[in-house]
Amino acid sequence: MGQTLIEQRVQKLADIRDMGIAPYPYRFETTHHSADIAARFDALSASEEQVRMAGRLIVTRGHGKAAFADLRDAKGRFQIYVRLDIAGDEAFALWQLLDIGDFIGVAGPVFKTRTGHITVQVRELALLSKAIRPLPVPKEEIRGGERVIHDQFSDKELRYRRRYLDLALNPDVQAAFRKRSATVSAMREFLDARGFLEVETPVLQPLYGGASARPFVTHHRVLDMPLYLRISDELYLKRLIVGGLERVYEIGKNFRNEGIDRTHNPEFSMLELYQAYADYSDMMTIAEELYVFVAEKVNGATTLEYQGQKIDLTPPWPRISMLDAIEKYSDIDVARASDAELEAACKRFGSDIKPSVERGVLINALFEACVEPKLIQPTLIIDYPRAVSPLAKGHRSEATLTERFEIFIHGWEMGNAFSELNDPLDQRRRFAHQKTLRDRGDEEAQVLDEDYLRAMEHGMPPTGGLGIGVDRMVMLLANAPSIRDVILFPHMRPQESRDADG
RNA sequence: GGGCGCGUAGCUCAGGAGGUAGAGCAACGGCCUUUUAAGCCGUGGGUCGCAGGUUCGAAUCCUGCCGCGCUCACCA
């Protein structure tokens, strides 16, 4: 089953060895990439300088005693021309044993063909790695200036499971991950310039906290104790604020044992930053500036198009209180509505609320149902109910609210920030309340972290904190429809390989 | 977890009123020393996701399972 294709290539491998050629050599010195020879063609062809280039063979066009072929390297693709009388008998014999997918190196001068195509004339040919499994390279043509790809490697399951093929065959995929890298670099550049210290806090935690979510549990063998993969790094970063670091951030993975869909992967990346002596208003400014800085670094623009929708990141973003937002989008005056009316409104907007939840939970549910999907342009929703914000400081003028905001873009929650709760007695009461929720069966209620409280009891300065979902930010910047398009190896159910042989 | 859809050659896809499979590309053989979805001639390649059932006969109809996608619910 499909074995003959591999057997044929293994035979070629043996033939190559019989020629005295090592099919897996150790290195190859290169002088140029694909983009370079196009950019410097005039100088290269005038000087008859020989270039040394390497890449993966993706197309061959044979002409008897000569052949054209395209190689792909990290910067694009380039054409080579192999001619028997120029490359020599041995190189040409090797050439005839090569396959699409092999890595090869070439050396020779650069010239233009009759049709004007910049091409490397092969004087020296080196096999750098023989591929024994076929590479399903699609065909490409240029039609009317547009690149048209035929039979593109497109099966999503295969693309995600065999990302190496996706990357090798679909150049746009590489581009998305380059944007991801640029995004994270820009975040660091932005924060480092503002005096933030990058830190690393535990991923394996004896207690999980900092967010409302179900955790993954593992077990430490020697200590014989359960450990949790963090759902957030928030409580550790705030301990560092207690320690006097003043400005810290971490970019890292969180793990949440929840559903998987287009915007959720079990492990995902968060940027969290904390700044002493700041409040949530400062975080609003940082959030806007950070977004703009990153967008300009990554895309060179502060506007973008996401899945056909124009989005303008230019600050300032509208700041609307949650209650005002609900009133605006639903005509419900939350301040005057009874709990029963709120519950009815939730149901009307399709949110099925568990009976007898707290008023703040109802308000939040109503907000999520009737407002969230409408927040396409960047919007800061501010002043969340206490009930859904156990780590946020009470609002300076509204007793039932906290100083918390979330960033919404394209109807998605893109960030979350507070004036951090630093009153240890209040924090203890909030944890106690979470415990009663947990005892009533709310598996996502937060767990009391006594050591965190102890830290806070030693004194924590007023602090602003901000968390931003990295994956979703990259989705926006790269116009990626699914979180799986911005995570190199997204979570997939394991599937037994049907051809388990190598 | 629910609903809808999909799973056929290495890849991209046809077929599907039930009669044991086709194309293009890739591969293999032949011709070809400036092509570019190179071209021309020829050849090989499939337990039609898995397991049952109906039937003389199943890729096709039915059931279950597995995987993927979209979507709803929970969550970032």
Side-chain angles (χ1 to χ4, degrees), chain A residues 1-9 11-12 58-70 77 79-87 92 99-101 111-117 119 121 131-143 147-162 165 169 211-214 231-232 254-270 350-352 354 365 368-369 372 406-408 412-416 442-444 467-473 475 481-484 490 492-496 498-499:
Chain A
M1 46 157 77
Q3 199 63 347
T4 57
L5 289 174
I6 291 178
E7 282 168 359
Q8 282 167 0
R9 288 179 174 220
Q11 182 56 52
K12 288 181 182 175
I58 52 169
V59 189
T60 61
R61 293 177 289 276
H63 293 265
K65 296 183 179 64
F68 287 95
D70 292 348
R77 57 196 281 172
Q79 176 167 276
I80 62 171
Y81 183 50
V82 189
R83 234 169 84 168
L84 171 61
D85 57 359
I86 292 174
F92 204 76
D99 285 294
I100 286 172
F111 73 107
K112 260 187 190 166
T113 63
R114 264 183 221 157
T115 53
H117 204 103
T119 304
Q121 170 92 264
I132 60 166
R133 195 179 282 275
L135 189 69
V137 181
K139 289 281 182 175
E140 282 185 30
E141 67 171 319
I142 307 296
R143 185 187 286 168
R147 193 180 61 173
V148 182
I149 300 174
H150 300 271
D151 302 329
Q152 183 160 27
F153 179 71
S154 59
D155 183 281
K156 283 192 176 163
E157 181 171 359
L158 287 180
R159 284 186 45 217
Y160 298 142
R161 285 191 197 280
R162 302 186 190 161
L165 291 181
L169 302 174
S212 299
R214 274 169 265 206
I231 59 173
S232 165
N254 288 342
F255 306 83
R256 297 190 188 171
N257 207 337
E258 312 276 1
I260 301 171
D261 64 26
R262 212 170 61 247
T263 56
H264 300 264
N265 194 63
E267 55 182 290
F268 63 102
S269 297
M270 283 282 286
S351 174
D352 48 342
K354 294 182 191 95
E368 287 176 357
E372 260 192 36
E406 292 197 340
I407 306 165
F408 289 90
W412 295 336
E413 188 195 327
M414 304 297 290
N416 184 19
D442 181 353
E443 288 182 65
E444 289 174 2
I468 286 182
V470 175
D471 312 273
R472 288 183 181 181
M473 190 170 187
M475 285 173 72
S482 168
I483 199 169
R484 288 182 156 171
M492 300 288 279
R493 278 198 168 84
Q495 191 188 38
E496 270 176 61
R498 276 185 290 134
D499 52 344

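Lettering follows sequence order; numbering is per chain, from 1.
With U35(B), C75(B), U12(B) as the candidates, the nucleotide lying closest to the side chain of Ser154(A) is U12(B). The side chain of Thr119(A) lies closest to U35(B) when the candidates are U33(B), U35(B), A38(B). Candidate nucleotides U33(B), C68(B), C75(B) were compared by shortest atom distance to the side chain of Arg493(A), and C68(B) ranks first. Side chain of His117(A), nearest nucleotide from U12(B), U36(B), A38(B): U36(B). The side chain of Arg61(A) has U36(B) as its nearest neighbour among U36(B), C32(B), A27(B). Among the nucleotides U12(B), U33(B), A27(B), the one closest to any side-chain atom of Lys12(A) is A27(B). Taking only side-chain atoms of Arg214(A), from C-beta outward, the nucleotide of C11(B), U35(B), C74(B) with the closest atom is C74(B). For Glu258(A), counting side-chain heavy atoms from C-beta on, the closest listed nucleotide (U33(B), C74(B), A37(B)) is C74(B). Of the listed nucleotides (U34(B), U36(B), C74(B)), U34(B) has the atom at the smallest distance from the side chain of Tyr81(A). The side chain of Pro136(A) sits closest to G10(B) out of G10(B), C74(B), U34(B).
Across all strands shown, C13(B) is found opposite G22(B) as a Watson-Crick or G-U wobble partner, with both distances under 3.5 Å. Both distances falling under 3.5 Å, in either a Watson-Crick or a G-U wobble arrangement, place C4(B) opposite G69(B). Remark: C74(B) base-pairs with no nucleotide; criterion is Watson-Crick or G-U wobble with both hydrogen-bond distances under 3.5 Å. For U63(B), the paired base is A51(B) (Watson-Crick or G-U wobble, both distances below 3.5 Å).
Residue-to-nucleotide proximity on RNA chain B shows that, of Ser212(A) and Val59(A), the 5′-proximal contact is made by Val59(A).
Put simply, Arg114(A) has a side-chain N or O that comes within less than 4.0 Å of OP1 or OP2 on U35(B). Contact check, Lys139(A) against C11(B): no side-chain N or O comes under 4.0 Å of OP1 or OP2. Considering only side-chain N and O atoms, Arg161(A) lies under 4.0 angstrom from the phosphate OP1 or OP2 of C68(B). Distances shorter than 4.0 Å separate some side-chain N or O of Arg262(A) from OP1 or OP2 on U71(B).
Rounded to whole Å, the P atom of G10(B) lies 13 Å from the corresponding atom of G45(B). Taking atom P on both G7(B) and C11(B), the two are 14 Å apart, rounded to the nearest angstrom. Nucleotides A51(B) and G39(B) have their C1' atoms positioned 48 Å apart, rounded to a whole Å. A58(B) and G53(B) are spaced 11 Å apart, taking the C1' atom of each and rounding to whole Å.
Side-chain contact check for Gln152(A) and Arg159(A): no donor-acceptor pair (N or O, by modelled atom type) lies under 3.5 Å.
Considering only heavy atoms from C-beta on, Ile483(A) comes within 4.5 Å of Met475(A) through its side chain.
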